[in-house]
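Every chain is numbered from 1 and lettered A, B, ... according to where its sequence line falls, protein lines coming before strand lines.
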Number of protein chains: 2
Amino acid sequence: MSLPHAILTALLEKPSSGLELTRRFDKSIGFFWPATHQQIYRELGRLEEAALIRALPGPPARGRRREYEVLDAGRAALRDWVAASEDPRPVREPLMLRLRAAAVVGSEGLAEELRRHRQLHAERLAAYRDIEARDFPDPAGAPEGVRLQHAILAAGIGMEEFWIGWLTGVLGTLGED
Amino acid sequence: MSLPHAILTALLEKPSSGLELTRRFDKSIGFFWPATHQQIYRELGRLEEAALIRALPGPPARGRRREYEVLDAGRAALRDWVAASEDPRPVREPLMLRLRAAAVVGSEGLAEELRRHRQLHAERLAAYRDIEARDFPDPAGAPEGVRLQHAILAAGIGMEEFWIGWLTGVLGTLGED
DNA sequence: GGGGACATGTAACGGGTTACATGATTCG
DNA sequence: CGAATCATGTAACCCGTTACATGTCCCC
């Protein structure tokens, strides 16, 4: 049930149309919960159906922009979700499977792929660091909302750093560095 | 395309029936790619169809145990997969969304949930450490296959440690420790 | 008025999840 | 024989993905 709540959050930050939401996802929320426009339209329909959001006036028409805003019930639902009890999702990490497969059938060709992944993680880490420098000059002194947003970014940075270090270690294990 | 390769790996380690695979997943591969028995049976059917595995003799019959083994084509497919180019999956982390929601509607009730998650991660970390102590007394001196398996476990340990530290930091930010 | 960007929407598919159904084997 | 357990299988649903379709607006 993450996507609908992600959309409610985004709409509270700023009422938007489906396409705007899609674009905003691409450059912020989407780092931790990507979504395509098809998913977003589908979910907007359900949220409207459930009376958690509403479209600003004007007749619904295909091809015409529709802007949505969050209703009180939607805000309440989001507040509930913040405090809800929801277990972490199971980890699904194909690289681990590939290492295990390599332990059985040999690791030929694996090192190159690991280096490629390390490079991808390094790029994303750099992007996060840019955002941090730009948007969070003084996280410690900021109000709670900003500190929370910085904590999200810090998690992203920490995870990328972790993967880079781990991949480097595995490459060492393979004698490949 | 991860599950079929996970199954090939497991079957190479030891030919098994569907239910045995399910149980073995639960205590090893499943830490990084969980699967239910329904998924596994479905995939075994497809792998057999594709002639990557075969059932050991005997007529197929509902309710009767069927053991599978990997064919040469299956081993080759797995070797290819080890070296294949496959991007990391997109990150999907509901906790990040909840933090972002909390930044908008307030963080009431969040701290308790964060502590609960930290506890869950601590438990999993302890389980990984047990496995490490039991199965990898001397990873550095072991052959490549074992070193790779240890690297997998090390990733699990590192991730759990990371989450525990990060959650503790966020709780500090909320003034909750 | 025609092309391109903007915007919403439809359809089909695949993997993961849940609930349930059915057949075989064992053991008291 | 009956219950419990082992084992395989069916069905329905949801979410995410991909490809495609349709409508509107603006500007040259």
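In this structure, the side chain of A/E113 engages the main chain of B/E86 through a donor-acceptor pair within 3.5 Å. Between the side chain of A/Q39 and the main chain of A/T36, a donor-acceptor pair closer than 3.5 Å is present. Counting only distance, with no hydrogens or angles, the side chain of A/W33 and the backbone of A/F25 share no donor-acceptor pair below 3.5 Å.
Nearer the 5' end of DNA chain D, as judged by each residue's closest nucleotide, is the contact made by B/R65, out of B/R92 and B/R65.
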**Verdict with reasoning, A/S2 to B/R92, per side chain to side chain donor-acceptor pair (under 3.5 Å)** = CA-CA 9 Å; A/S2 291; B/R92 287 186 193 280; over 6 Å; no

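For the pair B/R23 CZ and D/dA7 C1', the interatomic distance rounds to 9 Å; values are reported in whole Å. The distance between atom CZ of B/R89 and atom C1' of C/dG14, rounded to the nearest whole Å, is 13 Å. The separation between A/R24 atom CZ and C/dA7 atom P is 14 Å, rounded to whole Å. As a whole-Å value, the separation of B/D26 CG from C/dT17 C1' is 15 Å. Rounded to whole Å, atom C1' of C/dG16 lies 17 Å from atom CG of A/L3. When rounded to the nearest whole Å, the span between OH of A/Y68 and C1' of C/dA7 equals 12 Å. Distance A/W33 CH2 to D/dC15 P: 10 Å, rounded to the nearest Å. Atom CG of A/L19 and atom C1' of C/dG9 are 12 Å apart (whole Å).
Using a 4.0 Å cutoff on non-hydrogen atoms, the parts of residues 34-56 of chain B near DNA chain D are B/H37, B/Q38, B/Y41, ordered by number.
Side-chain contact of B/R65 with B/S17: a donor-acceptor pair under 3.5 Å is present, judged by distance alone.
The side chain to side chain contact (heavy atoms under 4.5 Å, CB included) search around B/L153 returns B/Y128, B/I131, B/E132, B/F136, B/I157, not counting sequence neighbours.
Considering only side-chain atoms of B/R66, the nucleotide from D/dT8, C/dT25, C/dA7 that sits closest is D/dT8.
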